[in-house]
Amino acid sequence: MSTLSPGIDSPIVRDRIELSIGGMTCASCAARIEKKLNRMDGVEATVNYATEKARVDFGPAVTVADLIATVERTGYTAELPPPPPAPAEPADAEGETAQAPDPLLDRLRVSAVLTVPVVLLSMVPALQFNDWQWLAFALTGPVVVYAGWPFHRAAWTNLKHGAATMDTLVSLGTLAAFGWSVWALFLGTAGMPGMRHEFRLSVGGQDTSSALYLETAAAVTTLILLGRWLEARSKRRAGAALHALLDLGAKDVAVLQDGREVRIPIGRLTLGSRFVVRPGEKIATDGVVVEGASAVDASMLTGESVPVEVTVGDQVTGATVNAGGRLVVEARRVGADTQLARMAKLVEEAQNGKAAAQRLADRISTVFVPVVILIALGTLVGWLLVTSSPTEAFTAAVAVLIIACPCALGLATPTALMVGTGRGAQLGILIKGPEVLETTRRVDTVVLDKTGTVTTGRMSLAAVHTAEGVSRAEALRLAGALEHASEHPIAAAIAAAAAAEQLGALPPVEGFENLPGRGVQGVVDGHAVIAGRAELLADRSQPLPPALAEAKAAAEAAGRTAIAVGWDGAARAVLVVADTVRPTSAEAVRELRALGLRPVLLTGDNRAVAEAVAAEVGIDAADVIAEVLPEDKVATVRRLQAEGRSVAMVGDGVNDAAALAQADLGLAMGTGSDAAIEAGDLTLVRGDLRSAAQAIRLSRRTLATIKGNLFWAFAYNVAAIPLAAAGLLNPVVAGAAMAFSSVFVVTNSLRLRRFAA
């Protein structure tokens, strides 16, 4: 449910549903349904021809039944989408998943078998025996009536509602061609024995009373059925990435019950349940590791090929694969709340949207078919006036009807969106809608939040400096043991580094004491150890030697934190801790520059820290905005926009959410907060800054594909209709060209499946 507030004093609560629409055959159908729904009070609807769905926002005065009734009165069917299929589909005796019959393919097969001899007989005079035309007539009848029935039925339904669609054009054209042939056979001279017929690419050259259009009626029906079938198959392939995403999840799970493993369907898993994940198995749902350690392969969900090490306390995501040891995980999210389900929902919502260019195409398609019918009538009258030849006039008019299908217009944007957003999901990039694609083209500045985006957001040990005669291992062992007793983030970083370097189990601490704001002290292995500010050690008569003092000064100049460590009455080491830069951030900045973007570093840290990070990743010092309060990030984005820049913002924290929403393009790190992800236009699931450049490249490529599709669809009709009206296209050629235009648009969109990381 979403709340839309037209005014402060008059909030309107709206529900949102998705309807599955049946009976649509072209963009005109989708436009008609959308127009009818939007005429209802308090309803805002978007109908997508490619996905065959309608997304509807409606107020309390409207019910779902009202919406379905409106669609049905328009001549189509509507229903709530069926529940998700069971995790495992039943298999037949051969072990294969059973497939539903395809009525369209059945009609196409019958049509093709009957059409081939009709076309050969009509186009090759050498094959025309006595009375061949009657055999062609007998074969054409079932093609026009049975195979073409979906077109005639849809045309009649639309006529009853005072509308015309692509089916109207096809039905008119094929019935006119067949009807003329019937007249010529029974009332003209075309039925005489020995009649010969020649095929021409253009109109003319045939006596009126003997002109037959049987091959036109049969071939056009077959070609358009072939185009419909190829289009449907391509649309299924276009949405394959989303289906693959939905299929990633585990089908069942081994839950721990009373110390035993009990395998249950994934749908019965509940919050708080603990389940076992063996090596090679998928993690059933989002959760936290409570036992074990392993490497997790998240490539299928994030596109990241390097497995991630996890241990007790680490979060794991459903649908990722346990590549190492046995894990016990406590479920924290199930069902629609999981990251996989949220990703799938975002992708599906993006595919239901419309770009501005497609909205223009939809407006055109609503008037396109009536205009084409008028052009066909004008062509008929014009040819009759100029040539006085009914045959030539009829041929040209039928060619106009057949060539002018607006399917390519309706498929141009949805198919590209389906493929582009699906490919993005495979790469760990979630695009919220088509308007995002249009924004990426204009962006010229990208603001990068430092902590958690350019850097890891976690303190870690950056360097160890020791006095003469002191080993790194000894310094880290004693300091790590002491800091392990503290809960401070800096202390945790030192302790973690000590444990990670496999220096053996950290020894216990005796007499531990926390000195607030100054440091910690205690006894480790009989050594009196102290760690903290240099001033603390100086107060204990343990001043830093010159080499360590120099190392401390250098670290602090670079914006890092220096921890002095002493034991047995002398300062013996300086440990440098910092929020480390992600290993891929410098490469990401280079890629953003290559896209023509100007990177700006934004942080609340002091300038020394910010400039040190900027220098490390390749951002100019002049493009560093430091010491910014969280609430001032929005103002910073607004200031850049006021300077005439189109701003993209990359962030991960709750305090970035407002800035992400304010930016022209918001890119939220998938490892960040839910608030940031909700506010962003693009979500980078991997949490890798390189994904930002990759996301912008994919968005721009998808937008370019949409524009290319629309250009082809418009150019095709602009060029083809005059050619048909001028008598330069035979209706059979027109039918083949029309079918090719739709298949071309979908095939062009499918090239996005090869978009490389």
Side-chain angles (χ1 to χ4, degrees), residues 241 245 248 286 298-306 308 315 317 319-320 338-340 342-347 349-350 420-433 436-437 439-440 443 445-458 581-595 597 599-602 617 647-657 659-661 663-702 755-757:
L245 187 65
L248 283 179
D286 300 356
S299 58
M300 63 183 68
L301 198 62
T302 68
E304 178 57 63
S305 59
V306 179
V308 178
Q315 294 185 354
T317 305
T320 55
T338 64
Q339 183 171 336
L340 176 65
R342 292 162 68 191
M343 284 176 63
K345 186 63 177 176
L346 282 173
V347 173
E349 287 181 354
T421 54
R423 179 59 179 152
Q426 291 175 332
L427 296 172
I429 300 166
L430 303 184
I431 303 171
K432 283 197 174 178
V436 174
L437 307 180
T439 302
T440 59
V443 167
T445 302
V446 56
V447 176
L448 307 175
D449 174 61
K450 180 183 76 69
T451 304
T453 302
V454 177
T455 66
T456 62
R458 298 185 302 273
V581 173
R582 292 181 186 269
T584 57
S585 291
E587 181 183 349
V589 169
R590 288 194 297 271
E591 292 179 1
L592 291 169
R593 287 191 186 278
L595 290 170
L597 303 175
V600 173
L601 187 68
L602 180 66
V617 299
V647 179
M649 169 78 185
V650 186
D652 74 323
V654 173
N655 57 12
D656 296 324
L660 287 167
D664 299 287
L665 178 67
L667 296 93
M669 304 293 275
T671 52
S673 68
D674 288 346
I677 293 172
E678 184 67 26
D681 302 306
L682 288 161
T683 300
L684 313 178
V685 177
R686 280 208 310 261
D688 185 338
L689 189 56
R690 288 177 301 180
S691 297
Q694 187 179 348
I696 292 174
R697 283 201 307 273
L698 174 60
S699 297
R700 289 180 176 179
R701 180 80 60 83
T702 305
F755 177 84

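Side chains included, hydrogens not; waters and symmetry mates left out as well; all remaining heavy atoms used. A quick note: this is a predicted structure, and the numbers were derived from the prediction, not measured.
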Smallest heavy-atom separation, Gly651 atom then Thr453 atom, equals CA-OG1, 3.7 Å
Heavy-atom closest pair (Phe755 atom, Leu427 atom, distance to 0.1 Å) is CD2-CD1, 3.7 Å
All heavy atoms of Ala648 vs all of Ala663, minimum pair found to be C-CB, 4.5 Å
Minimal heavy-atom distance between Ser585 and Leu689, with the atoms involved, is OG-CD2, 4.3 Å
Residue set satisfying side chain to side chain donor-acceptor pair (under 3.5 Å) with Thr702, at least two apart, ordered chain then number -> none
One pair to check against side chain to side chain contact (heavy atoms under 4.5 Å, CB included): Arg423 and Ile429. What are the steps and the verdict?
CA-CA 8 Å; Arg423 179 59 179 152; Ile429 300 166; over 6 Å; no
I'd like to check Asp449 versus Met649 (side-chain heavy atoms, cut-off strictly below 4.5 Å). Are they in contact? yes
Between Arg700 and Leu595, the two heavy atoms sitting closest are NH1-O, 3.1 Å
Side-chain donor-acceptor pairs of residues 587-594 under 3.5 Å, sequence neighbours excluded:
unit_1: Arg593; atom_1: NH2; unit_2: Gly618; atom_2: O; d: 3.0

Please check: side-chain N/O of Thr455 versus main-chain N/O of Lys450, any donor-acceptor pairing under 3.5 Å? yes
With Val617 as partner, the option from Leu448, Val581, Thr584 fulfilling side-chain contact (heavy atoms from CB on, under 4.5 Å) is Val581
Taking every heavy atom of Leu684 against every heavy atom of Ala695, the minimum-distance pair comes out as CD2-CB, 3.9 Å
From the list Val650, Val454, Val446, side-chain contact (heavy atoms from CB on, under 4.5 Å) with Pro599 holds only for Val446
